[in-house]
Structure formats: structure tokens, C-alpha cells
Amino acid sequence: MRLSLILVGLFFNASLSFAQVPKKKYQGQGGVQEVNTSPRPIQQQYQSTFAFEDADIYISNEFDGARLNGALMKEDTLMVWITPENAPINPSPWYAFKIWSGEPKEALVKFTYQNAKHRYFPKLSHDGKNWQPLDSANYQEFNKGEADFGPNSLPQSVVIKLSLNSDTLWVAGQELQTSQHIFAWIDSLSQQSYISHADIGESRLGRPMRSVKISEAKREDKIVFVFGRQHPPEVTGWLAMKAFVETLTGDSKLAKKFRKEYTTYVVPLMNPDGADLGHWRHSAGGVDLNRDWSQFHHPETRAVRDFLRNKTAEGAKLYFGIDFHSTWDDIYYTLDSVSVTNTPGLMAEWLSSIESNIPDYEINAKGSVNATGVSKNFLFREFGAESLVYEVGDNTPRPFVQQKGEVAAEQLMRLLLDRE
Ligand SMILES: [Zn+2]
């Protein structure tokens with residue numbers, strides 16, 4: 001039995017809909033096809049506060065990261081309509097809104113999606129910072145498929161019951177993490193003398209592509225590159241990256257030694273427009289950025305490409321690249337085993353040492369060959385780096401996300417120093 005699946009049930013207060021064991025692993029990156037990544041138009045979200053005065057319910061999408069495309073009162077239920085920025089698009093139906101009433105009352109809210117089924121178990125917050133999953137007693141699914149774990153087993157719709165009053169209640173698919181949150185985290189890290197940040201470009205809509213540098217090395221000749229959030233709703237990937245980076249920046253002897261040898265660059269928010277606009281998956285250029293790493297039609301991927309090219313032109317060598325994402329389950333998408341890198345065998349050693357340093361944990365890893373448009377293949381193809389996509393389950397318990405991120409960073413530091 002895999003630990004992550006057992007803990008899912010605990011985190012969600014024994015919510016049966018999330019505690020099921022997958023019958024078949026969902027296929028992801030292994031089968032990525034090359035697609036044309038030329039820019040495509042996106043549908044702008046109409047931002048408003050919808051007032052249902054007869055029912056005394058108010059609902060708003062007027063904040064960064066919001067997604068609420070329409071609302072309608074039907075008998076005693078508030079129907080919320082959630083649509084993607086464009087289509088086709090993969091089933092990552094992000095939602096986030098604020099809701100309140102004049103007098104204390106309970107409200108039923110039904111989610112209706114275009115091009116998707118319900119995916120993210122609702123999270124609630126009273127301040128937009130601290131989040132808790134909805135009590136599963138207040139959650140009901142409709143038309144749930146009987147198929148395997150993955151998109152086919154998701155419900156067409158759900159109805160949730162909320163307790164409202166005049167204080168704003170935030171409802172979102174995952175903990176809300178916009179550019180504001182991530183840049184604030186960068187500012188707090190940058191208090192350390194060995195951490196600095198710089199903007200390496202701009203997104204399509206002019207938001208900064210911000211890069212963090214972690215180093216106490218005399219020469220910047222050995223580089224590790226950490227990045228994430230190409231796909232805005234993949235918040236658990238961001239939480240894992242945060243734990244990973246905070247381990248590299250920590251006070252341990254290992255981290256201090258590592259920083260004297262290796263320079264780490266982190267671009268924690270690859271898609272700041274998408275995150276702030278409440279996108280399901282795409283950039284403001286209307287595409288999946290993690291298909292653009294061979295065509296480079298987009299300023300976000302070009303910023304990283306040019307940054308790393310400049311570093312390597314100055315004589316640095318890229319040893320390791322890690323791209324954080326979220327999906328149905330915890331998976332490591334690696335290179336195939338025949339790829340010859342700057343540090344042969346590092347990935348396999350790293351994965352097995354993560355496994356042996358987390359009790360009862362079994363690594364789920366998949367290699368892939370033909371995925372030219374994805375980031376890890378670019379890092380290998382152009383720089384010879386060991387690289388991977390680190391996928392964290394949508395419902396992986398947050399303490400376990402943290403633990404895995406910490407252990408992954410510790411083992412990487414140890415193994416890279418062992419190769420000195
Ligand atoms: Zn992703």
C-alpha cells in the first residue's frame with residue numbers, strides 16, 4: 001500500500017471520494033506529443049460582484065487568481081459557471097471566488113463546468129491566507145464515473161454547502177497562490193546575504209519573470225535549476241518546490257557546504273499571467289508553456305532559455321534541473337535511462353535515496369523519450385543536465401508534500417557533493 005494514498009483519506013477527513021485506490025496509473029508525460037505552440041487568443045474573464053439581493057448572497061471574482069465566469073440563482077441553489085481561458089485544454093478546472101451574505105445563512109453552491117468535470121476538492125479561507133478543505137459532510141458529487149482513477153472517475157458536478165455571513169469567505173480549488181504571494185516569499189528569502197533575486201524577462205502581459213539566486217560559491221561554475229508553476233492550478237507542486245528550496249537555503253551543515261560548491265537558480269513562477277488571471281493551464285499567450293521548449297514562441301520559456309544559455313556561455317555547467325507540477329498522483333517523470341548526462345546515474349541514485357529516507361514510501365517514476373516540447377527534455381538536450389518533472393498529487397497531504405520536498409533537496413545536495 002502506498003503511503004500517499006493512505007494519507008489522502010486522513011487529510012480529507014475521511015472523504016470517501018478521495019480515499020479510493022487507483023486501479024490504473026494515469027498516463028502523463030510519457031505520451032506527450034509535439035504540438036504547435038503559436039500564440040492563441042484567450043477569453044478574458046468578466047470581473048464583477050454578482051449580487052442576489054432576494055437571496056441575500058453576494059459572490060465576487062474581483063481579485064487576482066479568481067475564476068468565476070458566471071453565477072445564477074436557481075430555486076435555492078447558487079449555480080456557478082466555470083469556463084477555461086480557451087480550448088482545447090486539459091481538465092484542470094480552476095475556480096476561486098469570494099462569497100458572503102448580509103445575515104448568517106447556509107447556501108448551496110453548484111459547480112458547472114465547460115469542457116471539464118469537477119477536479120479540485122474545495123478549500124475555504126476566511127482571510128485568503130490560511131486554507132482548510134471543506135468538511136466532506138458539506139460536499140456532494142453528481143454523475144461520478146465508475147472508471148479508473150484519473151479524469152474519467154471525476155464527478156460531472158458537485159454541490160457544496162457553505163455557512164455565510166457578512167465576513168468574506170474565500171472558496172478555491174487549492175490554496176490561492178498568486179504572483180503577490182510568490183514574490184513576497186522571494187522577498188523574505190532575499191533577507192539572507194547569500195540569496196538575491198533578479199528579473200530575467202517579462203511575461204506576455206509584462207509581469208516579472210523573477211529568478212532567485214542561492215549561492216556562497218567563489219565561482220559560479222556548477223548550477224542547479226529549480227522552477228515551477230507553468231500550470232497555474234498546480235499549487236501542490238509549488239508547495240513541494242517551496243519546501244525543496246527552503247531546505248537548500250536552510251542552516252544545515254549540508255546546505256552550507258552545498259552553497260559553497262553549487263549555485264542554485266529558482267524561477268518559482270513560470271506563468272505569472274496565468275496564475276493571476278485564474279487560468280486552468282495556459283499562459284496569456286493561450287498555450288501550455290510546457291509544450292513550448294523546442295519552439296519557444298513565448299516570452300516565458302524564452303526568458304529561461306536565454307538565461308541558462310548565458311550562464312553556460314560564461315562557463316557554468318548545468319548539473320540538475322527540476323520542474324515542479326501537480327497531477328492525480330505523486331510521480332517523477334525522468335529522462336529515459338539511455339540519456340547520457342553531465343552526471344550519469346545521478347537521477348537513479350537520487351530517487352532510490354529519497355525512497356530509502358522516507359519510511360514505507362515507494363517511488364513512482366517514469367522515463368520518457370519523445371517529449372521534445374517539455375522542459376526536462378530541453379534541459380537535457382541543450383545542457384546535458386539530469387532533469388525531471390516532479391509531480392505532486394492534487395490531494396497529497398500537505399505535511400507529506402513538505403517532507404518529500406525536504407528529503408528530495410537533502411538527498412540531491414548529498415549526492416552532488418559526493419561527486420566532488
Ligand atoms: Zn503541470
Side-chain angles (χ1 to χ4, degrees), residues 4 25-35 37 65 67 84-95 115-116 119-120 149-151 154 172-175 177-179 182 203 209 225-242 244 266-294 298 300-301 304 321-335 364-368 371-379 387-396 401 404-405 408:
S4 55
K25 282 168 188 158
Y26 182 65
Q27 292 296 319
Q29 277 230 321
V32 169
Q33 300 291 317
E34 180 114 37
V35 292
T37 57
R67 171 111 336 219
E85 55 275 16
N86 61 14
I89 194 160
N90 98 329
S92 314
W94 173 255
Y95 59 88
N115 298 4
R119 171 165 171 178
Y120 298 108
F149 187 75
L154 297 173
Q174 298 282 29
E175 301 89 322
Q177 290 288 319
T178 63
S179 65
I182 291 180
S203 68
M209 297 295 295
F225 185 59
V226 180
F227 59 125
R229 223 54 201 293
Q230 294 193 74
H231 302 143
E234 299 183 4
V235 171
T236 55
W238 146 249
L239 296 174
M241 171 169 50
K242 187 166 175 283
F244 185 93
V266 187
V267 177
L269 184 55
M270 281 297 302
N271 186 358
D273 296 338
D276 288 358
L277 295 175
H279 281 188
W280 289 20
R281 184 159 178 100
H282 293 165
S283 66
V287 305
D288 180 344
L289 289 174
N290 203 28
R291 300 296 178 269
D292 190 44
W293 295 90
S294 56
H298 296 273
E300 295 87 355
T301 47
V304 167
I322 179 164
D323 181 9
F324 285 89
H325 289 254
S326 309
T327 187
W328 315 101
D329 201 356
D330 294 7
I331 304 179
Y332 302 78
Y333 288 117
T334 60
L335 302 167
N364 182 9
K366 282 194 178 79
S368 70
T372 53
V374 306
S375 60
K376 72 180 160 71
N377 290 59
F378 164 71
L379 296 178
S387 55
L388 83 156
V389 170
Y390 183 114
E391 298 266 14
V392 182
D394 295 333
N395 305 316
T396 301
V401 171
K404 275 193 347 146

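Atoms within each ligand, like the ligands themselves, are counted from 1 in listed order.
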Does any donor atom in the side chain of Asn271 or His279 lie under 3.5 Å from an acceptor atom in the other side chain? no
Tell me the closest heavy-atom pair linking Thr37 and His298, and the distance in Å. O-NE2, 2.6 Å
Only one of Trp238, Phe225, Phe244 forms a ring-ring contact (aromatic ring centres under 6.0 Å, His included) with Phe324, so which one is it? Phe244
If you look at every heavy atom in Tyr333 and Ile331, which pair is closest and at what distance? OH-CD1, 3.7 Å
How many protein N, O or S atoms sit closer than 2.8 Å to the Zn ion (ligand 1)? 4
Over 60° means perpendicular and under 30° means parallel, so tell me whether Tyr390 and Tyr332 are parallel, tilted or perpendicular. perpendicular
Applying side-chain hydrogen bond (donor to acceptor under 3.5 Å, both in side chains), name anything that partners Glu300, two or more places apart in sequence or on another chain. none
